[in-house]
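Atom set for the values below is all heavy atoms of this structure, side chains included, hydrogens, waters and symmetry mates excluded. Numbered from 1 within each chain, the chains take letters A, B, ... in sequence-line order.
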Amino acid sequence: MRYSTTLIPTLRETPVEAKVISHQLMLRAGLVRQLGAGIYTWLPLGLRVLRRVEQIVRSEMDRAGAQELLMPAVQPAELWQESGRWGYYGKELLRIIDRHQRDFCFGPTHEEVITDLVRREVRSWRQLPANFYQIQTKFRDEIRPRFGVMRGREFIMKDAYSFDMDEAGLDRSYQLMFQAYQRIFQRCGLRFRAVEADTGAIGGASSHEFHVLASSGEDAIASCDSCGYAANVEKATAALPIAIPHTEPMQPLVEVETPGQASIEAVSQFLSLPPQRLIKSLVVMDEADHCSLLLLRGDHELNEVKMRAVLGSGVTLPAAEQVEQLTGLPVGSLGPLHTELPVIADLALRGGHDMVCGANRRGYHLTGVNWDRDLTVSQFADLRAVVAGDGCPRCATGLLQLDRGIEVGHVFKLGVKYSQALNATVLDTDGQAHHPIMGCYGIGVSRIVAAAIEQHHDANGIVWPLALAPFAVVIVQLNAKEAEATVVAEQLYQELQRRSIDVLWDDRDERAGVKFKDAELIGVPVQLVVGGRSLKEGRVELRQRRGGEAVLIAPDQAVATVVQMLNQLDTGEP
RNA sequence: CGGGGUAUAGCUCAGCCUGGUAGAGCACUGGGUUCGGGACUCAGGGGCCGGAGGUUCAAAUCCUCUUAUCCCGACCA
């Protein structure tokens with residue numbers, strides 16, 4: 001492709017709205033432009049990258065035996081009413097009304113549509129297992145789109161749905177997808193980790209997320225430094241510390257004055273006690289405004305996903321002022337003694353003794369709080385967020401570390417939720433009707449583009465892995481008006497194209513500096529510099545975007561050397 | 001949805017407080033010089049200051065409403 005006839009609107013300056021590096025570079029390199037909040041146009045260069053990701057995904061899905069199809073983006077409300085999600089899904093579902101006043105939605109996901117298809121078309125166990133996938137535009141009306149295409153409202157996703165006769169079949173389908181995903185992210189040149197994930201509102205069976213490791217990631221993931229355990233922090237648990245029996249006699253329960261000391265930190269300093277000795281008391285509330293009191297060790301934070309797993313999905317943390325209205329006490333003075341609220345304590349508190357908590361009296365705390373003698377609770381539960389250094393829940397030796405990740409894939413055992421709701425049945429060998437057991441498997445195709453940039457960039461711009469690069473080679477012709485350079489550049493251009501190598505020929509009438517800067521910005525892995533002093537010596541320059549020395553070679557050797565270099569890049573050899 | 005910003009040329013922004021009819025840099029067009037790391041110079045084009053209403057002799061500037069967008073938080077099969 002010739003640069004002069006391609007729209008690659010690179011920007012010298014960084015648009016203010018872009019906060020993360022991938023968003024900045026996608027705008028600067030002319031990959032995308034924003035049309036509205038969370039809605040983007042893919043420009044020629046960006047689209048080429050997107051297509052690369054799609055092709056990798058497609059080839060691995062096909063290899064795993066999945067069948068590609070394409071479902072409608074717009075879906076009738078009836079299907080969603082049938083599954084119960086029309087009411088459940090909330091405002092994230094973009095609803096549309098047609099000219100006949102009929103309700104539709106723009107599909108955020110396609111469980112209903114695929115299940116409807118299967119219920120109509122699949123009759124016999126002989127047709128299973130089956131796995132259908134599509135690569136398609138989705139729309140989720142996110143509360144807050146951000147970070148460019150990383151969290152857009154309209155985005156491109158590969159979604160796949162497997163159907164099996166029994167659990168064992170689902171396990172096989174799930175494993176196949178799990179392996180396909182590993183191959184996909186490897187081929188994309190991404191550093192990633194598969195982690196156990198919260199199953200959310202759907203509940204039940206197992207689920208894994210695939211995260212690209214990046215400091216800007218929106219998710220935190222915990223992993224063991226010793227065994228293979230890795231989980232989203234929403235789900236991650238920690239080993240309980242080994243309880244050290246305390247031999248000293250219990251302190252007496254004393255009410256002490258703590259004027260104006262409202263936070264854990266303040267009370268800890270005021271009483272000269274480590275935060276671990278304090279009990280953090282949190283009021284939570286369900287939809288019916290019923291309150292409970294949650295207890296955590298002072299140095300621990302509440303994991304709201306775990307909280308909802310214990311108390312129900314509608315439970316929230318009211319604001320401090322609201323708590324004060326409800327209880328008549330400032331949040332800093334709440335405590336589990338002499339309260340009428342049900343009290344649930346985090347597991348990590350169980351080993352504590354001589355603890356400190358709010359006295360349920362403004363400006364006072366209780367010290368010397370001990371289990372059984374002073375305090376009983378209705379339930380112990382895992383409520384806290386793990387922190388780096390916690391013991392691994394799986395192995396005896398490992399410690400958990402925390403990393404940031406960008407979720408690019410999710411595999412999920414659905415079970416019969418949708419086949420049951422939509423009454424899809426398949427006959428088994430005995431002629432009995434069964435609801436097929438489903439799995440669903442998503443990959444954020446457009447998000448992968450952003451995630452790849454988060455991992456592969458430097459001060460000068462994007463450094464594409466070859467597998468995702470919009471072009472494998474860019475010919476940087478230094479002077480567009482230099483006849484000899486044009487002849488050589490054109491020969492190289494045609495020869496590379498003949499070998500099916502994607503090449504961008506920068507034939508623009510621009511200064512050398514501009515062309516170098518743009519070549520770096522757009523991140524094409526291999527640069528061929530044609531013109532100037534090296535051409536006078538009968539040479540062209542070959543260099544790699546990721547760094548290293550430029551090599552001077554004769555033009556008639558150049559293509560062969562490029563091919564060699566690309567092969568090395570392909571295998572990841574230095 | 002709650003809180004906080006922003007909206008002026010294609011982009012990044014100044015001007016607003018203290019009203020007097022719009023600017024810079026980059027980009028764009030033409031000329032000249034330059035030509036291997038985002039050139040220099042001369043001359044130009046381009047904005048009904050997001051929209052509506054109000055105050056005023058006069059509004060980019062003050063007031064009200066509205067729309068869009070960004071950030072923080074809650075949300076996320």
Using the C1' atom as the reference point in each nucleotide, state the distance between B:G45 and B:A52 in Å, no decimals.
-> 31 Å
Distance in angstrom units between A:Phe155 CZ and B:C76 C1', rounded = 10 Å
Looking across every strand, which nucleic acid part, if any, lies under 4.0 Å from A:Val476 by heavy atom: base, sugar-phosphate, or nothing?
-> nothing
Assign the ring pair A:Tyr441 / A:Tyr181 to parallel, tilted or perpendicular, where the plane angle (0 to 90°) is split at 30° and 60°.
-> perpendicular
Output yes when at least one side-chain N/O atom of A:Arg308 is less than 4.0 Å from OP1 or OP2 of B:C75, else no.
-> yes
A:Arg85 side-chain proximity, nearest of B:A74, B:G37, B:A77 | B:A77
On a plain distance test, is the side chain of A:Arg12 in donor-acceptor contact with the base of B:A27 below 3.5 Å?
-> no
Inter-nucleotide C1' distance (B:A59, B:G53), Å rounded | 13 Å
Is it the case that A:His110 and A:Gln75 place a side-chain donor and acceptor less than 3.5 Å from each other?
-> yes
Identify the nucleotide, in any strand shown, that forms a Watson-Crick or G-U wobble pair with B:A22, with both distances under 3.5 Å; if there is none, say none.
-> none
I would like to know whether A:Asp509 and A:Lys481 meet salt bridge (charged side-chain N to carboxylate O under 4.0 Å, His left out); could you show each step before the answer?
-> CA-CA 7 Å; A:Asp509 186 12; A:Lys481 291 173 182 153; 3.3 Å; yes
Roughly how far, to the nearest 0.5 Å, is CH2 of A:Trp42 from CG of A:Leu47?
-> 8.5 Å
For RNA chain B, whose closest nucleotide is more 5', that of A:Pro108 or that of A:Leu11?
-> A:Leu11
Distances for protein N/O vs nucleotides 42-47 of chain B N/O pairs under 3.5 angstrom?
none

Any side-chain donor paired with an acceptor under 3.5 Å for A:Asp382 and A:Thr237?
-> no
Nearest-angstrom distance, C1' atom, B:U18 to B:U61 | 10 Å
Taking for A:Phe147 and for A:Glu407 the nucleotide of RNA chain B with the nearest heavy atom, the one nearer the 5' end belongs to A:Phe147
Look at the rings of A:Phe210 and A:Phe192 and say which category their plane angle falls in: under 30° parallel, 30 to 60° tilted, over 60° perpendicular.
-> tilted
Taking CD from A:Glu142 and C1' from B:C1, how many angstroms apart are they, rounded to a whole number?
-> 15 Å
To the nearest angstrom, how far is A:Lys517 atom NZ from B:C26 atom P?
-> 17 Å
Is there a Watson-Crick or G-U wobble partner for B:U56 with both distances under 3.5 Å, and if so, which one is it?
-> none
Quick one: A:Arg508 CZ to B:A39 C1', roughly how many Å, whole number?
-> 15 Å
Would you tabulate the nitrogen or oxygen pairs shorter than 3.5 Å linking the protein to nucleotides 29-36 of chain B?
from, atom 1, to, atom 2, distance (Å)
B:U34, O2, A:Arg511, NH1, 2.6
B:G36, O2', A:Arg533, NH1, 3.2
B:G36, N7, A:Arg533, N, 3.3
B:G36, O6, A:Gly531, O, 2.8
B:G36, O6, A:Arg533, N, 3.2
B:G36, O6, A:Ser534, N, 2.8
B:G36, O6, A:Ser534, OG, 2.7
B:G36, O6, A:Glu541, OE2, 3.4
B:G36, N1, A:Glu541, OE2, 2.4
B:G36, N2, A:Glu541, OE1, 2.7
B:G36, N2, A:Glu541, OE2, 3.0

For nucleotides B:C48 and B:A43, find the distance between their P atoms and express it as a whole number of Å.
-> 25 Å
Distance-only, no hydrogens or angles: does the A:Gln477 side chain make a donor-acceptor pair with backbone N or O of A:Asp507 under 3.5 Å?
-> no
Distance between C1' atoms of B:C63 and B:U55 (Å, rounded) | 7 Å
Which nucleotide, in any strand shown, forms a Watson-Crick or G-U wobble pair with B:C48, with both distances under 3.5 Å?
-> none
Compute whether any side-chain donor of one residue and acceptor of the other, for A:Glu154 and A:Thr137, lie under 3.5 angstrom apart.
-> no
For A:Glu92 and B:C1, give me the distance from atom CD to atom P, rounded to whole Å.
-> 15 Å
Kindly assign one of parallel, tilted or perpendicular to the pair A:His23 and A:Tyr40, based on the angle between their ring planes and the thresholds 30° and 60°.
-> perpendicular
Nearest whole angstrom, please: distance from the P of B:A77 to the NE2 of A:His410.
-> 8 Å
Assigned partner base of B:U69, Watson-Crick or wobble definition, under 3.5 Å | B:G5
P gap between B:U69 and B:U8, integer Å | 14 Å
Do any side-chain nitrogens or oxygens of A:Arg144 fall under 4.0 Å of OP1 or OP2 in B:C71?
-> yes
Counting any heavy atom closer than 4.0 Å, what does A:Pro15 reach on the DNA or RNA strands: base, sugar-phosphate only, or nothing?
-> sugar-phosphate
Contacts to RNA chain B from residues 31-41 of chain A, heavy-atom cutoff under 4.0 Å, which residues?
-> A:Gln34, A:Gly36, A:Ala37
Verify the distance criterion only: is there a donor paired with an acceptor across the side chains of A:Gln134 and A:Asp159 at less than 3.5 Å?
-> yes
A:Arg146 CZ to B:A74 C1': how many Å, rounded?
-> 10 Å
Does A:Glu82 come within less than 4.0 Å of A:Arg119, counting only side-chain N to carboxylate O?
-> yes
Is it the case that A:Gln527 and A:Glu520 place a side-chain donor and acceptor less than 3.5 Å from each other?
-> yes
Identify the nucleotide, in any strand shown, that forms a Watson-Crick or G-U wobble pair with B:A77, with both distances under 3.5 Å; if there is none, say none.
-> none
Output the distance between atom CD (A:Glu490) and atom CH2 (A:Trp505), rounded to the nearest 0.5 Å.
-> 4.0 Å
Looking only at atom P, what distance separates B:G50 and B:G15, rounded to whole Å?
-> 15 Å
Candidates B:C70, B:A77, B:C72 - which lies nearest the side chain of A:Met157 | B:A77
Which nucleotide in the list B:G37, B:C71, B:A39 gets nearest to the side chain of A:Lys19?
-> B:C71
Whom does B:C40 pair with, Watson-Crick or G-U wobble, provided both distances fall under 3.5 Å?
-> B:G32
Determine, using ring centers only, whether A:Tyr418 and A:Phe163 are less than 6.0 Å apart.
-> no
For A:Glu265, look at atom CD and say whether over 12 heavy atoms of other residues, nucleotides or ligands are found less than 6.0 Å away.
-> no
Starting at CD1 of A:Ile143 and ending at P of B:A74, how long is that distance when rounded to a whole Å?
-> 11 Å
Taking the P atom of each, how far is B:C16 from B:A7, in whole Å?
-> 13 Å
